[in-house]
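The block underneath contains the structure these notes are about, expressed in structure tokens.
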Amino acid sequence: MNTSIRLLKQIRKAKHLGRPISLKQDKKTLKASIWMTEDFPVKVEILLSILEVMAPFKHFSKLKDFINMKIPAGFPVKVEIPVLPTISATVTFQSYRETEHEAQMFEIPSNYVEDSAHFSNM
């Protein structure tokens, strides 16, 4: 049995005070598109790791959830996903190149002090 139908039946049986409880359900179907390639030098797992870091931001979270769904093999070179009913976001990977970086680039400076006021909600 559908969860919303079951909930509606429970609400109708429940004793309540005041005006009757009403349940309204809206369903909206939004279309997302994805362009895949098997020739991209990066794996989807790397993209998901990047999106995991950016996920606290609502729209990146939607993109991550979309890519986490069962998608075909390969790498998504272009993703078009609705962020609002009338607005879609498009993410396109146009070029990629690997570069070597020195290890010191990733070292935390000795005079670094973490400020707990910044990014406190992450």
Would you check if Trp35 and Glu80 make a side-chain contact, meaning some heavy-atom pair closer than 4.5 Å? yes

Look at the rings of Phe40 and Phe75 and say which category their plane angle falls in: under 30° parallel, 30 to 60° tilted, over 60° perpendicular. parallel

When you measure from the side chain of Thr92 to the backbone of Gln94, do you find a donor-acceptor pair of N or O atoms at a distance under 3.5 Å? no

CE (Met105) and CD (Glu100) are apart, to the nearest 0.5 Å, by 12.0 Å

Is the shortest heavy-atom distance from the side chain of Lys78 to the side chain of Thr90 under 4.5 Å? yes

